[in-house]
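Report on the structure given below.
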Amino acid sequence: MDKIYEPQKTEQKIYRLWKKSGYFNPYKLPNKKGEPFCIIMPPPNANAPLHIGQGVFVTLQDIMIRYQRMKGKKTLWLPGTDHAGFETQVVFEKKLKKEGKSGLDMLRDEFYKAVWEYTQKNRKVARKQLEQLGASCDWSREKFTLDKDIQKVVYQTLERLWKDKLLYRGKRIVNYCPKHKTAFSDLEVKYKEEKGKLYFVKYKCRDKNKSIIVATTRPETIPGDVAIAVNPKDKRYKELVGESVIEPITKREVPIISDEAVDIDFGTGALKITPAHDSLDFEIGQRHNLEARETLGFDGHFNELAGPLAGLNIVDARKKSVDILRKNKALVKEEDYTHEVGHCYKCETVIEPILMNQWFVAVTKLLPETKKSLRDLAVDVVKNKKIKIIPKHFEKVFFHWMKNIKDWNISRQIRWGIPIPAYYCDDCGKSFIKIKGKVSNCIYCKSRNIKGDPDVLDTWFSSGQWPFATLLTSKNKKDFKTFYPTDVMETGWDILFFWVARMIMLGIYCTGKIPFKTVYLHGLVRDKDRQKMSKSKGNVIDPLVIAKIYGTDAVRMTLIIGNTAGSDFIISEEKIKGYRNFANKIWNASRFVLMNLEDFDGKKSALTAQDKKLFKNLEIIKKKMTHHLDNFHFSLAGELIYHYFWHTFADKIIEEMKNRIRDDKDKKQAQYVLYKILTDCLKMLHPFMPFVTEEIWQKIPQYKGKMADLLIIEKWL
RNA sequence: GGGUGAUUAGCUCAGUGGUUUAGAGUGCUUCGUUGACAUCGAAGAGGUCGCUGGUUCAAUUCCAGCAUCACCCACCA
């Protein structure tokens, strides 16, 4: 054995050894009667290499899988990658731009094909990275969210939602990014504080003596006004309700109405109603049967309905509208005003609430048979503990979000993703979902004047079905029955709503069962300035680069110790060095033991009272380790074994045994003690540091079939 | 506006269902090159566990309030 542990020499070799053994496949494990244990890997996006933060999920899940495998369970860790619709399209467009090209110059099919190839390349990279990190997942079951069979499952769900009337196409106010020219769900909007102005605008009544003053931050939407609303309890305006006023930019007459939703205390207590450009206004408009004047086009420019603002973009239109109001003496005053404005989470462009035809999942609508909504289904299972969220306080966050949830917009005006198998009819204006067979007539009016829907699905709609879609489409027909519901869903807290909540809703809806029993939310790795790692910020650390220098085992320990569920943490190169030293310590302590085991027969010999004490203590450590791992305390478990191995086994026990091993009388005893404690330590360390432990395991003399050929399947303690 | 979390050694963080000297890594100080390891060993310095109250025989830990920071959610135009 070398004097210093060199991970570069062993890691690839060891991974190949594992792969060759077939033990990543649950049905190839020696224990045929083991209980199933399954984790579906959160599929990394197939648009970029993994970063160090993703090393956290790989390590945590691998620890759980390796631990359960050693406990004799039939363990399946199912890997996959996500096509990541919008995200990937953005990344790919950026790449094209660098090459001086643009996706707009490409035909739809051509573009799709190019992105397809791009993602396939990235999938290979991700796979290699996962292997390098030691992920003991079953590659024979690897999946991609765009696999034909997965898409089929997604379409079945869509059809089912359609039949249950939980899916509808409707013209609603949606979050629209004028730059990316697509709508988003509520989650993709990021609110940021922005300084603006609150404009007080006077609307004159027919009868020139009377007027009403309205406060608005968006004077450019005045041509879209169809009413002025006041609260029915507001005494100031009692007389005015029912009157009409002249809107001061395009000079149309609009009524003054009353509606409960208006806040008496804000501004002047009078609200201009622009149903096509604000969600509250849209609601009020619906209640009062008002027209929605769509003055803003999807290109982010105003149209002819906006009168003098026609042709302008939002910023220019705002300036011009203020000018016009000033000229007309309709602008009473301006106030500085800070408020939260929605931005596109990708490009920071201000999100426009705009009226569009989109596909929605009615998450709060009750199903006729159960009288429960998708939301109810999800809330119930968390409430009655069928699904446990770790850390617990995220359950509160979950409930809070679920309470405020609204219909989920699942259509995107992008090109990369799963197409929505829908048609809309030009004659009757209705839409319908149809996944099988040719469609040549409208199902409502029989018109032949129908078009396919050009939109694609929100990527979370397909990944929301991942746990059952992957198992249902597995090559092995038994998989779904055996492994569903899965055991643990391990992911970052940042996608609790995006992903976990949707998996719970869709999982129960589609299969009648929960998709997983435990949700473990890990903390996110941040850089020294506590920023989230992202490619655009340029602060990503490549786990492979760092693993090449210090070894994968060291990187894994760094990512686990000090990382508790739900709270973020910072890593440093110093920390990695510390665990590299630990790997070397394991190596050298083992080297010492092995050097002194040459004439050892593996047999237990009579123990001294002191030895018994050592073993008693070891038993306590083992119990604690098992307890920590069973309770998802990975950091504590890692720290415990680290400390025991280094400061008890290496520093104390080995030092004591050095004397006894030189004394022929005591030699056998000492050998036994060292051998036994070392092998138990290797087992306990293996889920955390699989490479160095397996490498050493391969060098330990085998005593009559008592031990497994590979540590990966050695019995846990 | 609503909510959640954090505040513990110079730094990065654990931990405590309430009870002797509160932990780790890293950093720092002193000593040590006897064949497992200098990616090492031995010894050591370093914390009124954010503030103020309450419950208690006993609180860093439970409760309330406050302060600061971070994050999430939200249709006050």
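Chain A is the first sequence line, chain B the second, and so forth, proteins listed ahead of strands; every chain is numbered from 1. Just so you know, these numbers come straight off a predicted model, no measurement behind them.
- A salt bridge between Asp407(A) and Arg172(A) is absent, with no side-chain N of the basic residue lying under 4.0 Å from a carboxylate O of the acidic one.
- Nucleotides rG18(B) and rG3(B), compared at atom C1', are 29 Å apart to the nearest Å.
- Among the nucleotides rC75(B), rU39(B), rG41(B), the one closest to the side chain of Lys585(A) is rG41(B).
- Pairing for rC71(B) goes to rG3(B), judged as Watson-Crick or G-U wobble with the two contacts each under 3.5 Å.
- Phosphate proximity of rC40(B) to Asn581(A): present, with a side-chain N or O under 4.0 Å from OP1 or OP2.
- Checking rC66(B) for Watson-Crick or G-U wobble geometry (two distances, each under 3.5 Å) identifies rG50(B) as its partner.
- Out of rA36(B), rU39(B), rA77(B), the shortest distance to the side chain of Ala589(A) is found at rA36(B).
- Among the protein residues, Val262(A) comes within range of the nucleic acid bases, having at least one heavy atom under 4.0 Å from a base atom.
- Between rC75(B) and rU12(B), the two C1' atoms lie 42 Å apart (nearest whole Å).
- Both Phe582(A) and Gly269(A) lie near RNA chain B, and the one whose nearest nucleotide falls closer to the 5' end is Phe582(A).
- Distances were taken from every side-chain heavy atom of Arg580(A) (C-beta onward) to each of rA74(B), rA14(B), rU39(B); the shortest belongs to rU39(B).
- Across the C1' atoms, rU34(B) and rU19(B) are found 46 Å apart, a figure rounded to whole Å.
- When the options Leu280(A), Asp281(A), Leu290(A) are evaluated for a side chain to side chain contact (heavy atoms under 4.5 Å, CB included) with Thr274(A), the one that passes is Asp281(A).
- Checked against rC72(B), rC40(B), rA36(B), the side chain of Trp646(A) finds its nearest nucleotide in rC40(B).
- In this structure, Glu695(A) pairs ionically with Lys699(A), as a charged nitrogen and a carboxylate oxygen lie closer than 4.0 Å.
- Residues Asn231(A) and Tyr237(A) have side chains that never bring a donor and an acceptor to within less than 3.5 angstrom of each other.
- Within 4.0 Å (heavy atoms only), His647(A) reaches sugar-phosphate atoms of the nucleic acid but no base atom.
- Judged by distance alone with a 3.5 Å cut-off, no donor-acceptor contact links the side chain of Glu655(A) to the base of rA42(B).
- Salt bridge Glu87(A)/Lys346(A): present, at least one basic N to carboxylate O contact under 4.0 Å.
- Across all strands shown, Glu340(A) has heavy atoms under 4.0 Å from base atoms, whether or not it also approaches the sugar-phosphate.
- Lys658(A) contributes a side-chain N or O that forms a donor-acceptor pair with the base of rA36(B) under 3.5 Å.
- Counting any heavy atom pair closer than 4.0 Å across all strands shown, Lys406(A) reaches sugar-phosphate atoms only and no base atom.
- If you check rA42(B) for Watson-Crick or wobble pairing at under 3.5 angstrom, you find it paired to rU30(B).
- Heavy-atom distances to RNA chain B give each of Lys272(A) and His643(A) a nearest nucleotide, and the one nearer the 5′ end belongs to His643(A).
- With a 3.5 Å ceiling on both atom-pair distances, rA14(B) lacks any Watson-Crick or G-U wobble partner.
- When heavy atoms are screened at a 4.0 angstrom cut-off, Thr274(A) is found touching no nucleic acid atom at all.
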